[in-house]
Amino acid sequence: LAIPAVTPAVVASALSTARAEDVGTSLYFVNDSLQQVTFSSTVGVVIPCPAAGSPSAVLRWYLATGDDIYDVPHIRHVHANGTLQLYPFSPSAFNSFIHDNDYFCTAENSAGKIRSPNIRVKAVFREPYTVRVEDQRSMRGNVAVFKCLIPSSVQEYVSVVSWEKDTVSIIP
């Protein structure tokens, strides 16, 4: 069995060639913590792809099912820089397939391809609502427990920050 002799110079030459090809080639996440985007239907939203690369990566958006997304004029558009835009819309134009769905983005270049985690995109409607205090009866000197009643349609977006009586804060 003959083993060809490999000199240190040949090994160094092979390593420098491999490194020269790899230099400046990368894919990475800019923001891999982006998991949910909630936006107002009256404003719309712009969502940058949370990935990038060197050389510049081709960025694409997909539904969580893996289906390519397509532009819908005045509703959804993917810009050349990989940004996903959902335009403002009226309640009658709501489409759960577009306005309440999971998306993900991919970045691809000569270094390979990476996929972002799913990003939950959800539109909410601005509608008037009233927060009330539940009526309670108590005898003088006893304890009364008051409850703040928030409509269920906005409950996850509203939090009680203080209690007031006649515009004077009683519990911050």
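Under the 4.5 Å side-chain criterion, counting only non-hydrogen atoms from C-beta, Ile69 is in contact with Leu84. Side-chain contact between Ser110 and Pro55 is present, with heavy atoms from C-beta onward closer than 4.5 Å. Between Leu27 and Asn109 there is a side-chain heavy-atom pair separated by less than 4.5 Å. Residues Val78 and Asp71 meet the side-chain proximity criterion, which asks for heavy atoms closer than 4.5 Å. When side chains are defined from C-beta on, Trp61 counts as touching Ile47, because their heavy atoms get closer than 4.5 Å.
Linking Ile, Leu, Val, Met, Phe, Trp and Tyr whenever their side-chain heavy atoms come within less than 4.5 Å leaves Tyr87 and Val124 in two separate clusters. There is a path of hydrophobic side-chain contacts, each under 4.5 Å, that joins Phe97 to Val121. The cluster map of Ile, Leu, Val, Met, Phe, Trp and Tyr, joined by side-chain heavy atoms under 4.5 Å apart, puts Val145 and Val133 in different clusters. Note: the hydrophobic cluster containing Val72 also contains Phe94 (ILVMFWY, side chain heavy atoms under 4.5 Å, direct or indirect links).
Using a 3.5 Å distance cut-off with no hydrogens or angles, the side chains of Gln36 and Thr38 do pair a donor with an acceptor.
Annotation for Tyr28 and Gly53: closest pair CE2-CA, 3.8 Å, computed over non-hydrogen atoms. Between Cys105 and Leu59, the shortest heavy-atom contact is SG-CB, 4.4 Å. In plain terms, the two heavy atoms of Thr25 and Ala111 that are nearest each other are CG2-CB, 3.2 Å. Heavy atoms only, all atoms of each residue included: Val131 and Cys148 are closest at CG1-SG, 3.1 Å. Ser116 approaches Pro50 most closely through the heavy-atom pair CB-CG, 3.7 Å. Considering all non-hydrogen atoms of both residues, Pro88 and Val43 come closest at CG-O, 3.3 Å.
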Step-by-step side chain to side chain contact (heavy atoms under 4.5 Å, CB included) determination, Asn95 to Phe89: CA-CA 10 Å; Asn95 180 331; Phe89 63 96; over 6 Å; no
From CA spacing to verdict: side chain to side chain contact (heavy atoms under 4.5 Å, CB included), Val158, Tyr129: CA-CA 11 Å; Val158 175; Tyr129 66 92; 3.4 Å; yes
Verdict with supporting geometry, Gln136 and Ser138, side chain to side chain donor-acceptor pair (under 3.5 Å): CA-CA 7 Å; Gln136 291 294 329; Ser138 175; over 6 Å; no
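The backbone N or O of Val168 lies less than 3.5 Å from no partner atom in the side chain of Asp166, so there is not a single donor-acceptor pair. Formation of a donor-acceptor pair under 3.5 Å by the Tyr70 side chain with backbone atoms of Arg76 is not found in this model.
Here the NZ-CG distance, from Lys122 to Asp100, works out to 6.0 Å after rounding to the nearest 0.5 Å. Atoms OG and CD1, on Ser33 and Ile119 in that order, are 9.5 Å from each other to the nearest 0.5 Å. Atom CZ of residue Phe29 and atom CZ of residue Arg115 lie 9.0 Å apart, to the nearest 0.5 angstrom. Atom-to-atom distance recorded for Arg132:CZ and Leu149:CG is 5.0 Å, nearest 0.5 angstrom. Ser41 OG to Leu86 CG: the interatomic distance, rounded to the nearest 0.5 Å, is 11.5 Å. Note that OG1 of Thr65 is 10.0 Å distant from OH of Tyr103, once rounded to the nearest 0.5 Å.
Atom CG of Asp135 is surrounded by 12 or fewer heavy atoms from other residues, nucleotides or ligands within 6.0 Å. In Phe125, the CZ atom is crowded: over 12 heavy atoms of neighbouring residues, nucleotides or ligands sit closer than 6.0 Å.
Below 30°, between 30° and 60°, or above 60°: for His99 and Phe39 the angle between ring planes is between 30° and 60°, a tilted geometry.
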